[in-house]
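Worth saying up front: this structure is predicted, and the values here are computed from it rather than measured. Quick note: numbers below take in every heavy atom, side chains included, and nothing from hydrogens, waters or symmetry partners. When a residue number appears, it is its place in the shown sequence, counting from 1.
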Amino acid sequence: APNPFNPRTTVRFELAQSADAMIEIHDVTGRLVKRAQLGMLTPGLQSWTWHGRDHRGESLGSGIYYLTLKAGELREQRSIVLLK
């Protein structure tokens with residue numbers, strides 16, 4: 001289920017092995033609004049905080065966004081709801 005947030009949300013995930021990780025956030029139209037290169041992460045619990053801003057640092061509007069975590073073989077997608 002989507003997790004409403006304002007003004008930031010922290011994404012938590014667990015890695016079984018070291019991996020180069022990246023997070024992408026798309027709006028409901030499929031447009032990429034944010035890409036974060038997390039670099040090489042170690043096994044175990046990890047977290048990343050998003051402040052509801054796009055790649056230019058501008059605040060995004062309220063709505064549903066789709067977050068995709070890519071780390072090695074791991075692909076995880078989540079719906080998140082930004083409330084202003």
Side-chain angles (χ1 to χ4, degrees):
N3 181 18
F5 72 97
N6 176 22
R8 67 182 175 272
T9 185
T10 298
V11 179
R12 291 178 175 82
F13 54 95
E14 188 165 1
L15 296 178
Q17 58 196 30
S18 294
D20 193 24
M22 177 177 65
I23 288 178
E24 292 181 340
I25 298 176
H26 293 81
D27 64 15
V28 293
T29 70
R31 183 175 62 104
L32 179 67
V33 296
K34 176 77 174 177
R35 177 180 287 134
Q37 298 286 351
L38 307 183
M40 185 61 71
L41 301 179
T42 57
L45 290 174
Q46 303 288 341
S47 65
W48 177 76
T49 301
W50 182 46
H51 295 274
R53 298 184 181 276
D54 67 12
H55 60 276
R56 295 184 308 269
E58 296 178 18
S59 290
L60 292 165
S62 296
I64 297 172
Y65 293 87
Y66 300 100
L67 181 148
T68 304
L69 166 68
K70 300 175 182 178
E73 298 297 312
L74 178 67
R75 297 285 182 278
E76 190 174 308
Q77 189 170 44
R78 303 177 189 179
S79 301
I80 51 178
V81 178
L82 174 57
L83 298 175
K84 291 281 182 158

Exercise for the section: Taking side chain to side chain donor-acceptor pair (under 3.5 Å) as the test, write out the residues that go with D54, two or more places apart. Expected result: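 Checked D54 against side chain to side chain donor-acceptor pair (under 3.5 Å); matches are R56.
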
Exercise for the section: Go through the structure and list residues passing side chain to side chain donor-acceptor pair (under 3.5 Å) with T49, not counting sequence neighbours. Expected result: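 T49: side chain to side chain donor-acceptor pair (under 3.5 Å) contacts with T10.
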
Quick one: [atom1] on [X] to [atom2] on [Y], what's the gap to the nearest 0.5 Å?
X: I64; Y: I80; atom1: CD1; atom2: CD1; result: 10.5 Å
X: R8; Y: W50; atom1: CZ; atom2: CH2; result: 14.0 Å
X: K34; Y: H26; atom1: NZ; atom2: NE2; result: 13.5 Å

Does [X] share a hydrophobic cluster with [Y], counting links as ILVMFWY side-chain heavy atoms below 4.5 Å and allowing steps through other members?
X: L32; Y: L82; value: no
X: L69; Y: M40; value: no
X: L45; Y: M22; value: no

Would a 4.5 Å heavy-atom cut-off, applied to side chains only, mark [X] and [Y] as touching?
X: Q17; Y: L15; value: no
X: T9; Y: W48; value: no
X: L67; Y: V11; value: yes

Practice task
In sequence, state the C-alpha distance, the side-chain angles, and the governing distance for S47 and R12, and then conclude on side-chain hydrogen bond (donor to acceptor under 3.5 Å, both in side chains).
Solution key: CA-CA 4 Å; S47 65; R12 291 178 175 82; 5.4 Å; no

Exercise for the section: Decide, yes or no, whether a salt bridge links K70 with E24 under the criterion of side-chain N to carboxylate O below 4.0 Å. Expected result: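 A salt bridge links K70 with E24.
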
